[in-house]
Protein chains: 2
Amino acid sequence: MPNIKKIAEMAGVSISTVSRVLNNHPYVNEQKRKEILSIIEKLNYSQNSNAVHLVRGKTNVIGVVLPFVNHQYYSAIIEGISRMAAKHHYNIMLCQTGYSPEKEIEVLDMLKMKKLDGVIICSTINGWQELEKYVKFGPIVTCEDTVSSYMSSVYIDHYKTFALGMEYLIEHGHRRIGYCVGRKNSINSLNRKQAYLDALSSIQVMPKEEWGFVDCFTVEDGTRVVQSLLQMKERPTALLVSCNHIAAGIVKAAPKSGLSIPGDLTIIGCDDQQIAEILEITTIAHSSVDVGAGAFTLLHDHITKKNKETKKIELFPKLTKRLTT
Amino acid sequence: MPNIKKIAEMAGVSISTVSRVLNNHPYVNEQKRKEILSIIEKLNYSQNSNAVHLVRGKTNVIGVVLPFVNHQYYSAIIEGISRMAAKHHYNIMLCQTGYSPEKEIEVLDMLKMKKLDGVIICSTINGWQELEKYVKFGPIVTCEDTVSSYMSSVYIDHYKTFALGMEYLIEHGHRRIGYCVGRKNSINSLNRKQAYLDALSSIQVMPKEEWGFVDCFTVEDGTRVVQSLLQMKERPTALLVSCNHIAAGIVKAAPKSGLSIPGDLTIIGCDDQQIAEILEITTIAHSSVDVGAGAFTLLHDHITKKNKETKKIELFPKLTKRLTT
DNA sequence: CTGTTAGCGCCTTCAA
DNA sequence: TTGAAGGCGCTAACAG
């Protein structure tokens, strides 16, 4: 592999001059520039990124941290990030954590080690207090609501999401309402639960422990919920579900067990996965692609120092009524 | 930011010694090792990856090239790659090309520029002859069938896939058969078409041009297919569809237009997207996660020189009968 | 067991 | 408009 020195030798100039044409600097004799370019061409030379990164102190690579790549909520976010990143000539290091705290830290360490110019955290397991320790190594943007004043974020207030859903259900006469969320104690789950509890309390209804389902992530989890429902003496008439894939599982499994939807069971899902459209599931959604695009923009502004202060961008989901309500 | 020199100074040793403890080399006084470690801890130091990459000549990063991230066929492949990569301490650079030839070349250039240790191409737009030019810069593995003897691949022979589907349809009495594929002239599409034509010719049926749909990628394309079908004087009784998302669009749209499935129209999809399971679509599938995992393994073996010769791994999909046939 | 030294490939003053 | 020289931060012989 040729290097800059070799090119310089062949062109009979110094490596500085070669460097100048490589980086489109002015003050290079047009004749020499042409000559150098042709040699570069002939030798099929290109810069060694690692050397460039080392000397420049940046890589034009950002890290994207998420629990599961093969999950449409996240792949939509990646889509948004990808589009914007391509526009600004940034590359994406994709890091699937499976919600392992260590894996998340590993990525943050890559920031510290200058392998990454910045990081977007789609969903954290360590929590923002931990993330905060790394902002001194480079900008971090989250796609979740964080209280931290050191990190920008694009987020949805899931208290509002669930509040919106509960309002709809209550307005439509439901009193026996249940819900499904993912990780039991994540910020988002806790917010959702609070909205649920507050709404019930506003109509003087006591929440029923067994109607709150946790650890729901996939279609299979949805069918599991239906199984549980069938065992109950008293069943909810409606379910507010934090993700459409779970909702899809419920919607497919319920009729097979004799529960008609929305007759016996009303379902409201969340997010903008296409499955909701296909199965005609009522959903409360925002654009996940926009989340990703927004996160990249915030991050990019920080990297390029366009803005120093952190920024919080809230996205407001809205309810689309379809056939499960 | 502290560097190795600073650590050496503070510990009163040379940078070599620090480097040794950093890389777990033997022959370091246990006392000094402890001391150095504690200073590293105190200063919250860590190596500069770019310097390490430069001097080692590798980055432990591989590139993954695909047209669309937000498409379940590809996100499943990424899942497979991610899992294996994590196991071997490799990172993934994700590159969405949108089938732009230039974007694909950009990634290959990153291989040339030592930013990447290897590349996995999930679907190429430039074609294998072009890719081949880059193997001298590092190993390239594809998830498509390539004739190249310079690149390993994990692939499905889509001639066989469609042949399998046609056989099923013909056995079940269909004679008026159509098909849907993605890019009109991609290798895979051409292979599929050939299988289709060969099957028809084997039963002495003349193919009908308008029953071959191209540029089908999404659910919406599926509904578009149904629109076209409705305009036809003579309609096919069955459709072999290269991707379940298109099939999903057809399955949802058809009944709304009075075409019952499988009564008026039999549908066979392809690949293992969950949507097929949910909508009970008969499909011809292999595990896409396995494709990714296999591709990484091949690539890793090349990077670590475990095997020099290229290897071709063929995966055989099988037909799962459900409710659309 | 430890330090010196020579790179890895490139960018960027500085002086000419 | 050009070149020399000094890093960027680290690894790896080599010599002690």
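Computed over heavy atoms, backbone and side chain alike; hydrogens, waters and symmetry mates excluded. So you know, we letter chains A, B, ... as the sequences are listed, proteins then strands, and number each from 1.
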Which parts of residues 35-58 of chain A get close to DNA chain D, meaning a heavy atom less than 4.0 angstrom away?
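Under 4.0 Å from DNA chain D: Leu54(A), Val55(A).
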
Can you list, in residue-number order, the parts of residues 15-29 of chain A that come under 4.0 Å of DNA chain D, counting heavy atoms only?
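When residues 15-29 of chain A is checked for heavy atoms under 4.0 Å from DNA chain D, the hits, listed by number, are Ser16(A), Thr17(A), Arg20(A), Tyr27(A), Val28(A), Asn29(A).
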
Please report, rounded to the nearest Å, how far the [atom2] atom of [N] is from the [atom1] atom of [X].
X: Met113(A); N: dT11(D); atom1: CE; atom2: P; result: 9 Å
X: Lys112(A); N: dG9(D); atom1: NZ; atom2: P; result: 15 Å
X: Ile4(B); N: dC8(D); atom1: CD1; atom2: P; result: 14 Å
X: Glu30(A); N: dT2(D); atom1: CD; atom2: P; result: 10 Å
X: Lys5(A); N: dG6(D); atom1: NZ; atom2: C1'; result: 15 Å

Would you give me the side-chain donor-acceptor pairs under 3.5 Å for residues 133-142 of chain B, sequence neighbours excluded?
from, atom 1, to, atom 2, distance (Å)
Lys133(B), NZ, Glu130(B), OE1, 3.1
Lys133(B), NZ, Glu130(B), OE2, 3.3
Thr142(B), OG1, Glu144(B), O, 2.9

Counterpart residues, side chain to side chain donor-acceptor pair (under 3.5 Å), relative to [X] (two or more places apart):
X: Ser153(A); result: none
X: Glu35(A); result: none
X: Lys112(B); result: Asn44(A)
X: Asp301(A); result: none

Taking the six-membered ring for Trp, is the centroid-to-centroid distance between Phe68(B) and Tyr73(B) below 6.0 Å?
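Centroid separation for Phe68(B) and Tyr73(B): 6.0 Å or greater.
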
Among residues at least two apart in sequence or on other chains, which ones pass side-chain contact (heavy atoms from CB on, under 4.5 Å) with [X]?
X: Val52(B); value: Gln47(B), Arg56(B)
X: Glu314(A); value: Tyr155(A), Asp157(A), Lys160(A), Phe316(A)
X: His88(B); value: Met84(B), Tyr90(B), Phe296(B), His300(B)

Mind grabbing the angle between the end helix axes of the helix from dC1(C)-dG16(D) to dA16(C)-dT1(D)? Five pairs an end, 10° rounding.
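The helix from dC1(C)-dG16(D) to dA16(C)-dT1(D) shows an end-to-end axis angle of 40°.
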
Closer than 4.0 Å, any side-chain N/O of Lys32(A) to the OP1 or OP2 of dT2(D)?
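Answer is yes, contact under 4.0 Å.
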
Side-chain donor/acceptor of Thr297(A) to backbone N/O of Ala293(A), under 3.5 Å:
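Indeed, once roles are kept as given, a pair shorter than 3.5 Å links the two residues.
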
For Lys114(B), report the nucleic acid contact type (base, sugar-phosphate, nothing); a contact means any heavy atom under 4.0 Å.
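The residue Lys114(B) makes no contact with any strand.
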
Non-neighbouring partners of Lys312(A) that pass salt bridge (Lys or Arg N to Asp or Glu O under 4.0 Å), sequence neighbours left out:
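Lys312(A) satisfies salt bridge (Lys or Arg N to Asp or Glu O under 4.0 Å) with no residue once adjacent residues are dropped.
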
